[in-house]
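As structure tokens, the structure follows; a few thoughts come after it.
Throughout, protein chains are lettered first and strands after them, A, B, ... in sequence-line order, and every chain is numbered starting at 1.
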Amino acid sequence: MAKGITKRSDDYSQWYIDVVLKAEMAEYSPVKGCMVIRPTGYGIWEKIQQRLDRMFKETGHVNAYFPMFIPESFLKKEAEHVEGFAPECAMVTHGGGKLLEEPLAIRPTSETIIWSTYKGWINSYRDLPILINQWCNVCRWEMRTRLFLRTTEFLWQEGHTAHATCEEAEEEALKMVHVYERFAEDYLAMPVLVGRKTESEKFAGAHHTYCIEAMMQDGKALQAGTSHHLGQNFAKAFDVKFQDRDMELKYVWASSWGVSTRLIGGMIMNHSDDNGLVIPPRLAPVPIVFVPIWRSEEEMALVLGKAREITADWDPLFFKIDDRDQYKPGYKFNEWELKGIPVRIELGPRDVASNSVVVVRRDTGEKVTMPAEGLRENLEKMLEDIQTSLFKAAKQRMTDRTYTVDSYDEYKARVEGGGFYRVFLDVDNPEVEKQLKEDTRSTVRCIPFDAPEEEGPCMITGKLCKHRVIAAQAY
RNA sequence: CGGGGCGUAGCGCAGCCCGGUUAGCGCGCCUGGUUUGGGACCAGGAGGUCGCGGGUUCGAAUCCCGCCGCCCCGACCA
């Protein structure tokens with residue numbers, strides 16, 4: 001058993017914190033709600049960035065960078081947006097030892113600074129679309145924080161696109177939520193529900209919001225990514241117009257979309273166990289670790305030599321050889337398990353003699369012997385298999401814990417225990433969601449795209465609804 | 001902002017009630033030796049503004065007053 005990690009079954013929340021801290025993903029910083037992301041955690045963020053960035057580029061986007069400081073007045077230009085973000089903005093009031101003429105907000109998101117810039121870039125329909133993404137930090141003064149899941153400052157990417165038509169902006173918002181879906185499932189091995197947010201859950205300033213929602217091992221929902229159709233709200237607030245083919249001046253249509261370091265929290269809460277972190281192979285900065293085993297100087301030379309021989313033509317980022325002499329093999333086994341390395345290879349004198357290695361999977365703990373010949377190909381297959389089975393297990397868990405419920409009493413009794421609930425709720429009426437939240441501390445997570453056609457009475461008001469929505473307690 | 005907890009060596013804690021040698025233990029760290037296929041052992045060693053500020057006292061980690069910080073659980077949110 002891993003030292004110092006609370007069991008999931010004893011206290012899920014404490015288990016999560018223990019995993020993050022003990023696996024050296026992150027640690028607390030001197031400022032409340034902020035964290036230091038350590039190399040183990042940051043390496044995963046870098047993999048997320050590499051993979052996603054490629055997907056963004058493949059769908060026609062380019063990266064740019066906009067400043068962190070936003071004039072306070074900018075934030076006030078879009079009514080709904082101000083209301084949503086004003087309370088959680090960090091404000092800079094002084095600079096160079098003097099009181100500033102206008103306070104500067106540290107970006108909670110960049111719609112306003114970006115749209116004020118786009119105004120200068122857009123004149124004609126020929127200037128559209130603009131498909132820009134930026135990787136950056138943002139700051140939101142949250143009341144309650146949790147490592148990776150909700151921190152005062154966090155890292156994310158935000159895409160901001162400008163289009164000539166409503167349809168194009170809609171298409172973009174949809175395209176990107178599906179990019180997130182594919183990323184979550186293919187790389188994080190995290191199954192997600194894809195759907196639309198209700199009016200009361202959508203982004204402040206959006207027409208509507210699409211999202212991916214994942215289920216953690218305790219059955220709670222995690223909003224893992226969002227994509228917004230912003231309509232013309234920001235174009236109007238910042239007066240961004242273009243002249244169309246028909247000579248008319250029109251407001252530009254917008255979308256924005258983002259995922260954050262929260263994904264790392266989702267990854268942890270999807271796959272990790274009582275022994276620590278489990279990293280899906282495709283996100284592991286280094287997926288393989290060799291633990292050589294020796295008793296004497298001669299054996300050390302022998303096994304290290306063999307490890308180097310086997311890996312001579314391997315990609316250096318595919319593996320590492322843990323040749324530290326101050327720890328015994330058993331210690332290293334535990335340490336790499338705690339840190340979530342997908343596959344460990346044990347290589348001792350006996351293995352050298354038989355020209356084979358012992359391979360151990362992090363996800364199942366299964367040990368197999370593999371010949372040194374063709375090892376890399378076999379490992380690549382095993383990593384793919386781990387990736388697939390992590391996804392399957394998570395998918396199964398989500399399926400098993402998605403319930404169809406019609407009675408509000410039953411819902412109230414069960415929702416505390418976690419899981420997704422397919423229910424009829426009149427989501428056109430914000431009062432219904434308000435009551436749901438008051439009664440159960442749960443919310444409507446999304447209206448899934450793939451919800452089958454069904455008709456039934458809202459479990460609170462009895463009003464006839466056209467489809468079921470997903471309700472759950474969320475992080 | 002409400003409720004709870006904590007602040008003593010890098011980490012985890014004891015000591016505090018009932019004030020009194022040089023503040024202690026485990027882990028980690030350093031040196032030397034023996035070890036090494038699931039968290040090794042022996043010996044020696046380094047490491048402390050006891051959260052901060054006042055007060056009481058001959059004497060405060062310990063008692064009193066004030067402050068600060070962090071974590072956890074709830075109300076807001078990616």
Under 3.5 Å, which N/O atoms of the protein pair with N/O atoms of nucleotides 69-77 of chain B?
| from | atom 1 | to | atom 2 | distance (Å) |
| --- | --- | --- | --- | --- |
| C70(B) | OP1 | K32(A) | N | 2.9 |
| C71(B) | O3' | Y28(A) | OH | 3.4 |
| C72(B) | OP1 | Y28(A) | OH | 3.3 |
| C73(B) | OP1 | S13(A) | OG | 2.5 |
| C73(B) | OP1 | R146(A) | NH2 | 3.3 |
| C73(B) | OP2 | R144(A) | NH1 | 2.7 |
| C73(B) | OP2 | R144(A) | NH2 | 2.4 |
| C73(B) | O5' | R144(A) | NH2 | 3.4 |
| G74(B) | OP1 | R441(A) | NH2 | 3.4 |
| G74(B) | OP2 | R144(A) | NH2 | 3.3 |
| C76(B) | O2 | E142(A) | OE1 | 3.4 |
| C77(B) | O2' | E142(A) | OE2 | 3.2 |
| C77(B) | O2 | R150(A) | NE | 2.1 |
| C77(B) | O2 | R150(A) | NH2 | 2.7 |
| C77(B) | N3 | R150(A) | NE | 3.2 |
| C77(B) | N3 | R150(A) | NH2 | 2.5 |

Contact check, side chains of Y327(A) and D322(A), non-hydrogen atoms, under 4.5 Å
no
Residues of residues 59-83 of chain A with a heavy atom under 4.0 Å from any atom of RNA chain B, listed by number, are none
I need the residues from residues 280-310 of chain A with at least one non-hydrogen atom less than 4.0 Å from RNA chain B; give them sorted by number, or say none.
I293(A), W294(A), R295(A)
Select from W156(A) and D325(A) the residue whose nearest nucleotide in RNA chain B is closer to the 5' end of that strand.
D325(A)
Between the protein and nucleotides 11-14 of chain B, list the N/O to N/O atom pairs that are separated by less than 3.5 angstrom.
none

Classify the side chain of K332(A) and the base of G37(B) as holding, or not holding, a donor-acceptor pair under 3.5 Å.
no
Is there a donor and acceptor pair closer than 3.5 Å between the side chain of E337(A) and the base of G38(B)?
yes
All pairs passing salt bridge (Lys or Arg N to Asp or Glu O under 4.0 Å) where residues 170-197 of chain A contributes a residue, at least two apart:
K197(A)-E213(A)
Contacts satisfying salt bridge (Lys or Arg N to Asp or Glu O under 4.0 Å) that involve residues 426-435 of chain A (not counting sequence neighbours) are D426(A)-K463(A)
Go through the structure and list residues passing side chain to side chain contact (heavy atoms under 4.5 Å, CB included) with R414(A), not counting sequence neighbours.
Y403(A), V405(A), E410(A), Y421(A)
L304(A): which residues meet the side chain to side chain contact (heavy atoms under 4.5 Å, CB included) condition with it, sequence neighbours left out?
P292(A), W294(A), M300(A), R308(A), I321(A), D323(A)
Pairs under 3.5 Å (N/O, protein and nucleotides 41-43 of chain B):
none

D273(A): which residues meet the side chain to side chain donor-acceptor pair (under 3.5 Å) condition with it, sequence neighbours left out?
R362(A)
Does N378(A) have any side chain to side chain donor-acceptor pair (under 3.5 Å) partners at least two apart in sequence or in another chain, and if so, which?
none
Proximal nucleotide (of A78(B), G38(B), G39(B)) relative to the F154(A) side chain
A78(B)
N/O-N/O pairs, protein side and nucleotides 28-30 of chain B side, under 3.5 Å:
| from | atom 1 | to | atom 2 | distance (Å) |
| --- | --- | --- | --- | --- |
| C29(B) | OP1 | Y327(A) | OH | 3.4 |

